[in-house]
Each structure stands twice: as C-alpha cells, then as structure tokens.
Amino acid sequence: AKVGTNGQSFLYPQTYTGPTVIAGGSMTFADEGTLLASSSLAIIGGQLNIQNTSTRDLGNRIADTMPISMSDGILYYTGRQQANSTESLGAVTLNGGYNAILPSSGGAASGSPGLSSATLTIASLTRADTTSTVRFNTGGQPGGSGQYGQGRLLISTAPTLTNNIIGPWAIIDREFASYDTTYGVGALNGAGFPGYAGGTLTSNPGSNDNVRFTQAGTTVLNSDTTIWTLNMRGQTTATTIDLGGKKLTLKGGGLLLGQETDSITWTI
C-alpha cells in the first residue's frame, strides 16, 4: 500500500503477489521497475505513473491481466523519446469520482526531426459507479508534426457507443469522447470520428443529437427541446441561452462549457 501525499518510485522489479493500493500521492515505475505478479491494483485518490523517459523503454511494466480499479485516480503512461512505446493493462473499472487516463509520447529530442508514439491498451473500461467520470487527453492519432505530446488509448473490448459517444461521463478536455477500433479513444468531431449534429438548439434538433452551441450573444429557445448532450464552445464574448419559459432537456446528461478565452460568462 502506498499512502500519503508523497511520491514513491520503483526502479527495479517488484515481485510480491498480493494486491497493490495507491491511496494518495503517486507510485512511479521507471528504469527497470515492473509490477508483474501483484494480484490487483486500486488507485484511490492517487496516481500511477508508468514511465519510459529514464533509462529504459519497457513494453511490459504492469501485468497485462491485472485488474485495475480507480476512484479519484489518475493513470499516466509516458512513452520514450523518439520511440514507438507500448504497454498493455488489464480491465479498468471506474468506482467513483473524477478519474483520468493519460497516455503521452516522449516527444522528439532537441533539434531532432524524429517522431514519437505511445500506445496504451487496456482490456476493457467499466463504469461501475454512476458518480464516475473519466478524462482522456488523447486525440486518437499519435505522432505526426505538432502531436508529440499525444498518445493513443486502445480498449480491447471496445466500448459500446451511445449516439456516437462513450458516455457523457467520458471527455477529452472540451469534447465528449468517442471510440474507433483503429484510432482508439478520440474526440467527438475530431479527425476520423463522428461529428456533432448539424442542427442548432433552435432548429428542431433530435432527442439523440449531440449539439455544439457556438452562437454568441443571446439565443431564445423557441420550444421545449430535448437533445442528448450540449457543448457550449467557441464563444469569445458573453453568451446567454434564454429558455423563454420553455424546457431544455439533456437526455444523456452531458453539459460541457469549453472556455477558449481568458474571461467569458455563460448564462442559461
């Protein structure tokens, strides 16, 4: 068990067979550090760092079949500079709170044109507690110019999408998260992924539509309206959705406010 707010690093193989608990602070596996015999891993208000930026780029630091549970937990995976880094993990279960799964490549060496990629594969993703949310940082297409910080997250048992998203509880920063079997987890409306509905709040959207609201100023709802999710993004001045005495229902439960300027006020 790792408890408290400090960090702890393992630079050599850990061979114990019992469960592992990270309850606060961070546990880092780097250099020759591995965890291959532990029976399970629980991240509770702490973070696991799987790091390949030191002396070694290992492809199996954490056992492939070890079940991982997360509750207010963060999982970082960092590839190696100018390398094609990979890691496979067991089934991931979200047991409540805010969670994050964040793969990233190691980037290119200073002055070098070389590309880097990092692919993290988890066996499955289950939301066991309905208070759980999860944030990803991946755009789904690792490598390439200007994308050194991105990684790719694949899920062996692909999640079942509802109206093109994993769920309103799964996001990539300012977007809802979708999934593609080739690209992995990626942002709704990103390259290679489905987009938002073509209509707006005032053009009779469908109840299963993911709507991106981009209008600035004041928009008045003209009828009772039901949609799946709502993403307010792109405004640089004060923005108001005036319900006008009508009812706006977000059937999927997802509302994102994607700030893109230093100071902005949204009003609903």
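Both backbone and side-chain heavy atoms feed into the values below; hydrogens, waters and symmetry mates do not.
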Checklist entry - Cluster question for you: counting only ILVMFWY and a side-chain heavy-atom cut-off of under 4.5 Å, with indirect links fine, are L154 and V185 together? => result yes
Checklist entry - Are M66 and L94 in one and the same hydrophobic cluster, where Ile, Leu, Val, Met, Phe, Trp and Tyr link if side-chain heavy atoms are under 4.5 Å apart? => result yes
Checklist entry - Given Q81 and T53, is the side chain to side chain contact (heavy atoms under 4.5 Å, CB included) satisfied, shown in steps? => result CA-CA 7 Å; Q81 202 173 65; T53 58; over 6 Å; no
Identify, with sequence neighbours excluded, every residue that meets side chain to side chain contact (heavy atoms under 4.5 Å, CB included) alongside [X].
X: A37; value: T17
X: T267; value: T240, T265
X: S203; value: T200

Are [X] and [Y] close enough that some pair of their side-chain heavy atoms sits under 4.5 Å apart?
X: I68; Y: L89; answer: yes
X: L35; Y: Y16; answer: yes
X: S85; Y: Y77; answer: yes
X: L102; Y: L120; answer: no

Would you confirm whether [X], through its side chain, and [Y], through its main-chain N or O, come within 3.5 Å as a donor-acceptor pair?
X: T239; Y: T237; answer: yes
X: Q14; Y: G33; answer: no
X: N99; Y: V134; answer: no
X: Q51; Y: S54; answer: no
X: R152; Y: T182; answer: yes
X: N231; Y: T229; answer: no
X: N52; Y: T78; answer: yes
X: N95; Y: M70; answer: no
X: S178; Y: N164; answer: yes
X: S132; Y: G96; answer: yes

Let me have the donor-acceptor pairs involving side chains of residues 4-12, under 3.5 Å, with sequence neighbours excluded, atom names and distances please.
none

Checklist entry - Can you name the salt bridge (Lys or Arg N to Asp or Glu O under 4.0 Å) partners of R212, sequence neighbours left out? => result E175
Next on the checklist: Run the salt bridge (Lys or Arg N to Asp or Glu O under 4.0 Å) test against D173 and tell me which residues pass, sequence neighbours left out.
Outcome noted: R135
Shortest non-hydrogen contact from [X] toward [Y]:
X: I172; Y: A177; result: CG1-CB, 4.0 Å
X: P103; Y: L153; result: CG-CB, 4.2 Å
X: F29; Y: T34; result: CE2-O, 3.7 Å
X: F193; Y: G186; result: CZ-CA, 3.4 Å
X: P168; Y: G253; result: CB-C, 4.2 Å

Next on the checklist: Can you pull out every salt bridge (charged side-chain N to carboxylate O under 4.0 Å, His left out) where at least one residue sits in residues 31-58? Sequence neighbours excluded, please.
Outcome noted: E32-R56
Checklist outcome for this item: residues 184-195 vs salt bridge (charged side-chain N to carboxylate O under 4.0 Å, His left out), sequence neighbours excluded, gives none
Checklist entry - Does the side chain of D129 come under 3.5 Å of the side chain of T131 through a donor N or O and an acceptor N or O? => result yes
Going by side-chain heavy atoms closer than 4.5 Å, which hydrophobic residues are tied to [X], directly or by a chain of links?
X: I44; answer: V21
X: L230; answer: L201, V211, F213, L221, I227, M232, I241, L243, L248, L250, L255, L257, I264, W266, I268
X: Y196; answer: I165, I171, F176, L188, W228, L256

Next on the checklist: Going by ring pair (Phe, Tyr, Trp, His ring centres under 6.0 Å), name the residues that satisfy it together with Y76, two or more places apart in sequence or in a different chain.
Outcome noted: none
